[in-house]
Asks: 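My questions will all concern the structure given below.
These values consider heavy atoms only, across backbone and side chains, with no hydrogens, waters or symmetry-generated copies. Residue numbering restarts at 1 for every chain, and letters A, B, ... go by the order of the sequence lines.
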There are 4 protein chains.
Amino acid sequence: MSELKKAKPENTLGRKRDHTLDTRILEAAIEILAELGFDGMTMDMVAARTKSGKATLYRRWPSKAELVRDALIWMSQSSVELEHLPDTGNLRDDLLALVKPYSLEFSERKLRVLAKLGSFFSEHRKIAEEASAGIFGPWTDFNRTLMQRAIKRGEIPAQADIEMACQVIIAMTSYRSITQGQPFGRTDYAALLDHILLPGLKHQQ
Amino acid sequence: MSELKKAKPENTLGRKRDHTLDTRILEAAIEILAELGFDGMTMDMVAARTKSGKATLYRRWPSKAELVRDALIWMSQSSVELEHLPDTGNLRDDLLALVKPYSLEFSERKLRVLAKLGSFFSEHRKIAEEASAGIFGPWTDFNRTLMQRAIKRGEIPAQADIEMACQVIIAMTSYRSITQGQPFGRTDYAALLDHILLPGLKHQQ
Amino acid sequence: MSELKKAKPENTLGRKRDHTLDTRILEAAIEILAELGFDGMTMDMVAARTKSGKATLYRRWPSKAELVRDALIWMSQSSVELEHLPDTGNLRDDLLALVKPYSLEFSERKLRVLAKLGSFFSEHRKIAEEASAGIFGPWTDFNRTLMQRAIKRGEIPAQADIEMACQVIIAMTSYRSITQGQPFGRTDYAALLDHILLPGLKHQQ
Amino acid sequence: MSELKKAKPENTLGRKRDHTLDTRILEAAIEILAELGFDGMTMDMVAARTKSGKATLYRRWPSKAELVRDALIWMSQSSVELEHLPDTGNLRDDLLALVKPYSLEFSERKLRVLAKLGSFFSEHRKIAEEASAGIFGPWTDFNRTLMQRAIKRGEIPAQADIEMACQVIIAMTSYRSITQGQPFGRTDYAALLDHILLPGLKHQQ
DNA sequence: CGATAAACGAGACGGTACGTCGCGTCTTCTG
DNA sequence: CAGAAGACGCGACGTACCGTCTCGTTTATCG
């Protein structure tokens with residue numbers, strides 16, 4: 001449950017901050033990022049599109065980079081709402097059920113955003129890690145849980161390298177989206193599972 | 001065999017371009033990128049370090065981005081010179097023998113460069129792809145060859161998804177270096193091979 | 001009464017322009033012009049000396065040339081403040097009394113400025129005319145008035161070519177200052193009056 | 001008879017300089033100056049228009065400024081060829097006879113050139129003086145001779161300030177052409193003579 | 001006649017100023 | 001006090017020009 005903002009003293013005097021603006025700003029940022037990328041996006045653009053002012057942006061975020069970080073995290077969280085994990089009794093189907101919200105739903109605008117952000121990641125390494133964690137962290141958690149269940153069921157051996165498998169999933173998704181700019185579709189994902197990951201987990205040496 | 005430069009008409013009149021300068025410029029760019037990243041690097045810095053002038057840089061490259069692209073490609077090509085592929089009669093050892101020049105040797109300056117260039121990749125998507133291809137393309141080619149040999153030897157089945165395996169290697173290296181900024185070391189690589197890739201290839205469903 | 005600036009809409013929103021900066025900038029420009037001339041003066045120098053930024057200069061003036069024009073006009077207007085014209089009852093003494101603030105006082109910095117700006121005048125013809133008018137216009141007006149009084153007193157005939165005489169004064173001053181770079185001193189001016197202008201006006205054919 | 005060039009050692013070896021090029025270069029320079037002024041003129045333009053190279057220009061002149069100086073002098077001398085001074089037995093007609101080649105003939109392109117060179121004069125003071133001397137020097141010499149003859153004839157008194165009168169002529173011409181950019185026409189010149197100069201010289205106090 | 005030396009056209013080179021644009025801060029006025 | 005608007009200091013970008021240099025070619029004189 002990563003927090004977008006540390007709780008500020010929240011002054012009780014004067015006009016209150018309009019926190020619906022936060023959302024509108026992040027949304028605008030995402031839109032512009034999807035079109036123009038990090039360097040192409042201007043703080044003035046964001047201010048103009050939200051009919052606000054630059055000072056308002058900088059009152060909320062100390063820099064463009066941190067605004068973008070929060071925009072990314074917000075984007076990734078905004079649509080994923082899982083009440084309960086899939087439980088088909090079968091690791092392959094469990095993982096496939098989970099890929100939709102986490103990877104495939106990125107396919108439209110979100111993918112474009114990530115694809116445009118190579119430039120951003122790791123110019124601001126720490127922020128990129130946080131954004132990355134915000135986006136991929138929960139998915140990794142879920143994948144890990146599903147695999148542990150599979151171990152309990154005896155579907156894969158106990159000594160299977162679950163962490164590595166989770167990383168491969170993230171790495172493939174991230175590499176294809178961010179570095180190569182192509183979607184990592186359901187078919188691709190199924191092939192990864194069937195041809196590499198599942199046999200690998202089951203027959204680890 | 002990606003070419004750094006399209007063959008220009010190469011006018012026969014006038015003073016010739018000093019093409020040793022090209023190399024010195026690219027080298028200087030890489031050094032600065034390793035220290036300061038894309039945004040931190042300045043065209044004036046590059047000019048100063050090569051005791052040349054900005055006009056000279058812009059005569060050769062139309063923008064900072066394209067200079068950086070060529071610098072990356074040049075960097076990736078400059079040190080890897082394999083006369084013959086390893087041939088240990090064993091896929092695991094072959095792949096491990098290859099990882100050193102391609103992944104681990106990046107650990108010094110090259111890794112730092114890649115790590116600093118998240119910001120750059122895919123701001124200039126096309127350039128990133130070219131640079132990526134220049135860097136990872138040859139390695140993929142070699143990995144593919146080694147796996148095909150393993151098929152011939154009967155070490156892995158013919159229907160093994162070689163392409164996917166190659167992509168996983170690249171993705172893991174790239175993800176760890178570029179997105180996470182940590183080296184993907186020999187031990188990690190061995191674990192990937194032993195726990196996932198090799199069993200996966202051998203027991204594909 | 002030439003205006004330095006067209007009245008801008010003067011937006012009522014946002015931070016106000018600091019118009020004291022205008023003056024400081026013009027003053028700095030004049031100082032640098034006096035030392036280094038037009039080509040020697042750099043926008044960065046002006047910005048540095050006023051502890052401002054280039055963008056601020058270009059927000060106020062569209063080019064270096066127009067900044068210099070306004071600096072010249074400002075310089076010419078800044079120090080000459082005559083409440084009442086001299087009135088000695090004698091044209092020669094009246095004119096001599098006026099030459100000090102208008103010509104001889106230029107001898108210090110102002111003359112140096114004009115002398116350094118040959119290079120500038122009429123590269124930007126219109127600007128030169130405006131600056132010239134700003135500098136010499138008022139003096140011509142005063143000279144004309146003094147001569148008209150002399151006509152009224154019967155000191156010189158009514159048909160005397162006053163306009164031509166005024167132009168000769170300006171032309172000699174300007175030529176000596178701008179084109180030749182030597183001051184047109186009080187003695188020279190007295191000689192011009194005694195040997196040419198006054199006898200000429202009095203005995204016109 | 002001012003010399004454009006000091007006699008160089010004039011090496012006897014190697015290819016001879018094509019001195020017809022000198023003239024073509026100066027002519028091209030004048031054309032460009034008339035259109036674009038000093039700053040607008042580029043050494044590359046001059047080279048291009050004469051189908052020569054920049055090195056050729058710099059072999060002959062050490063800088064753009066000195067090329068322009070010689071271009072001005074060449075321009076002024078190129079059309080004035082007086083075998084014998086006018087001698088009408090009358091100072092007014094003598095002076096008027098001389099004004100045509102020296103002032104009025106400038107009216108077309110030459111005037112435009114001078115008008116565009118305010119920017120140049122006195123950024124390069126010395127050169128401007130030389131150009132000025134080259135252009136106006138001979139005219140002043142002729143005017144002086146004519147006035148001395150008038151003294152001999154008893155037309156004007158011996159103590160008349162001839163030098164000042166010559167300067168006034170130059171100053172008015174120069175001021176109107178260079179600083180104001182309007183021609184100083186024959187009518188204007190006649191008025192100057194009749195209303196100021198001649199009565200002034202005759203009745204000097 | 002062939003060697004040699006300089007002029008020539010073309011254009012690369014180092015340097016420096018221009019004018020533009022974005023970031024992050026500061027200031028003013030309005031709700 | 002928050003918010004909209006926009007000026008401000010700073011510094012990099014990409015362009016243009018100066019004056020120098022280095023090519024390969026052409027033209028002259030000398031041995």
Asks: Return the set of residues passing side-chain hydrogen bond (donor to acceptor under 3.5 Å, both in side chains) with Thr50(A) (not counting sequence neighbours), or none when no residue passes.
Replies: Ser52(A)
Asks: Below 3.5 Å between N/O atoms, which protein atoms pair up with nucleotides 24-31 of chain F? Just atom names and distances, please.
Replies:
from    : atom 1 : to       : atom 2 : distance (Å)
dT26(F) : O2     : Arg15(D) : NH1    : 2.9

Asks: Within the structure, does a side-chain N or O atom of Arg59(B) lie under 4.0 Å from either OP1 or OP2 of dC13(E)?
Replies: yes
Asks: Please state whether the base of dG24(E) and the side chain of Lys54(A) form at least one donor-acceptor pair under 3.5 Å?
Replies: yes
Asks: Quick one: list whatever passes side-chain hydrogen bond (donor to acceptor under 3.5 Å, both in side chains) with Asp18(B), sequence neighbours left out.
Replies: Thr20(B), Arg24(B)
Asks: DNA chain E: Gly53(B) or Met41(C), which has the more 5' nearest nucleotide?
Replies: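 In this pair, the answer is Gly53(B).
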Asks: Whether Arg60(A) contacts dG3(F) is assessed here as follows: a side-chain N or O lying under 4.0 Å from the phosphate OP1 or OP2. Is that the case?
Replies: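 Yes, Arg60(A) has a side-chain N/O under 4.0 Å of OP1/OP2 on dG3(F).
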Asks: Hey, are the side chains of Thr56(D) and Arg59(D) touching, using non-hydrogen atoms and a 4.5 Å cut-off?
Replies: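 Answer yes - side chains close enough.
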Asks: For Arg49(A), enumerate each residue passing the side-chain hydrogen bond (donor to acceptor under 3.5 Å, both in side chains) test, keeping only those at least two apart in sequence or located in another chain.
Replies: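 Scan of Arg49(A) (side-chain hydrogen bond (donor to acceptor under 3.5 Å, both in side chains), adjacent residues dropped) gives Glu31(A).
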Asks: Restricting to side-chain contact (heavy atoms from CB on, under 4.5 Å), what partner residues turn up for Thr23(C), sequence neighbours left out?
Replies: Trp74(C)
Asks: Of Thr56(A) and Ala55(D), whose closest DNA chain F nucleotide lies nearer the 5' terminus?
Replies: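 Closer to the 5' end of DNA chain F: Thr56(A).
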Asks: OP1, OP2 of dC8(F) versus side-chain N and O of Ser52(C): anything below 4.0 Å?
Replies: no
Asks: Short of 4.0 Å, heavy atom to strand atom, which residues of residues 43-51 of chain D count as contacting DNA chain E?
Replies: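 The stretch gives Lys51(D) as the residues lying under 4.0 Å from the strand, ordered by number.
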Asks: Is there side-chain contact between Asp70(C) and Arg60(C), with heavy atoms separated by less than 4.5 Å?
Replies: no
Asks: Of the candidate nucleotides dC8(F), dC8(E), dC23(E), which contains the atom at the shortest distance from the side chain of Lys64(A)?
Replies: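 Of the options given, the side chain of Lys64(A) lies nearest dC23(E).
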